[in-house]
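Here is the structure we will look at, set down as structure tokens.
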Amino acid sequence: MSVRHALKARRGAVAAAMAVALAFTVAGCGDSGKDNKTTVGSSGQSKSTSSGKGQQSDPSPQQGNSTAKLAEATGGGGIVLTVNRVARDSGGFVTVSGQLRNPGAKSFNGTSDWAGTERDVLPSGDSVAGATLVDKVGKKRYYVLRDTGGKCLCTMGISSVDAGQAVPFFAQFPAPPNGTKEVDFQLPTFPTMTVPVSG
């Protein structure tokens, strides 16, 4: 084989190797930055899921489970308080979530009573910061947690509840001991409600 033919063969091999490498690179870039996975559902059919930003995530503790009704009470102005979820979180706290509904024909503006009367912390405005949990077995009362700025870890900005409106709420508390399965939840102007703690 002449030197000329050997150089031609070598160039062909290099070109083929570059084409293969380019094909792998293009295939790797076609992912568009999404982490796609295929899982098999209970029906046996496969379905594709993506971790892209547009995906709907599971409901947060704050959103709660709107179909469950652990307790319900009627307070001042005819407002109905429904507790949908009382759950322990991995951070060592309990989140209570539910809704405040106005079944009446007039707007309700007495929400400032729900903020409580604590004087040792900064007020959180129109909120449910006045809520408490009581562990009757452990004989302890728990108040809504506060952030480093003194604001409650709860729903804020509830200045009124319009006629027919349901406003979701949440409030986070220090977690009672793991053995505590039930607590009393109390929000000013509403009767005390005994609710189970999950998790």
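Residues: numbered from 1 along the sequence shown. Quantities reported herein were computed from a predicted structural model and do not represent experimental measurements.
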For this session: For D162, enumerate each residue passing the side-chain hydrogen bond (donor to acceptor under 3.5 Å, both in side chains) test, keeping only those at least two apart in sequence or located in another chain.
Result: S107
Seminar exercise, completed: The side-chain hydrogen bond (donor to acceptor under 3.5 Å, both in side chains) partners of T82 (sequence neighbours excluded) come to E72
Problem set entry | Test salt bridge (Lys or Arg N to Asp or Glu O under 4.0 Å) applied to K136 - qualifying residues, sequence neighbours left out | D184
Problem set entry | Residues T95 and D89: side-chain donor-acceptor under 3.5 angstrom | yes
Exercise. NZ of K140 to OG1 of T132: how many Å apart, nearest 0.5 Å?
Worked result: 15.5 Å
For this session: Please name the pair of heavy atoms, one in V80 and one in P103, separated by the smallest distance, quoted to 0.1 Å.
Result: CG2-CG, 4.0 Å
Exercise. Do T180 and D135 have side-chain N/O donor and acceptor atoms under 3.5 Å apart?
Worked result: yes
Problem set entry | Qualifying residues under side-chain contact (heavy atoms from CB on, under 4.5 Å), relative to P196, sequence neighbours excluded | L70
Exercise. Looking at side-chain heavy atoms only, is the closest gap between L100 and F108 below 4.5 Å?
Worked result: no
Exercise. Is any side-chain heavy atom of F185 less than 4.5 Å from a side-chain heavy atom of V86?
Worked result: no
Exercise. How does the hydrophobic cluster around L153 look, that is, which other residues are in it when side-chain heavy atoms under 4.5 Å mark a link?
Worked result: F93, L145
For this session: Could you tell me whether the side chain of N109 and the main chain of S160 form a donor-acceptor pair under 3.5 Å?
Result: no
Exercise. What residues, two or more places apart in sequence or in another chain, satisfy side-chain hydrogen bond (donor to acceptor under 3.5 Å, both in side chains) together with T111?
Worked result: none
Problem set entry | Contacts of type side-chain contact (heavy atoms from CB on, under 4.5 Å), residue V167, not counting sequence neighbours | I158, V161, Q165
Problem set entry | Heavy-atom side-chain proximity of T155 to P168 below 4.5 angstrom | no
For this session: State, to 0.1 Å, how close P191 and T74 come at their nearest heavy-atom pair, and which atoms those are.
Result: CD-O, 3.5 Å
Problem set entry | R88 vs P176 side-chain heavy atoms within contact, under 4.5 Å | yes
Problem set entry | Pairing residues for N102 by the side-chain hydrogen bond (donor to acceptor under 3.5 Å, both in side chains) criterion, not counting sequence neighbours | none
Problem set entry | Nearest heavy atoms of N84 and Q99, plus distance in Å | OD1-N, 4.0 Å
Seminar exercise, completed: Residues passing the side-chain contact (heavy atoms from CB on, under 4.5 Å) test with A163, sequence neighbours excluded, are none
Exercise. Which ILVMFWY residues can you reach from V137 by hopping between side chains whose heavy atoms are under 4.5 Å apart?
Worked result: none
For this session: Identify the heavy atoms of G130 and P188 that sit nearest to each other, and give their distance.
Result: O-CD, 3.5 Å
Problem set entry | Distance (rounded to the nearest 0.5 Å) between L81 CG and F169 CZ | 5.0 Å
Exercise. Any idea which heavy atoms bring A171 and V144 closest together, and the distance?
Worked result: CB-CG2, 4.2 Å
Exercise. What residues form a ring-ring contact (aromatic ring centres under 6.0 Å, His included) with F173, not counting sequence neighbours?
Worked result: none
Problem set entry | Spatial distance of atom CZ (F190) from atom CG (D113) [nearest 0.5 Å] | 10.0 Å
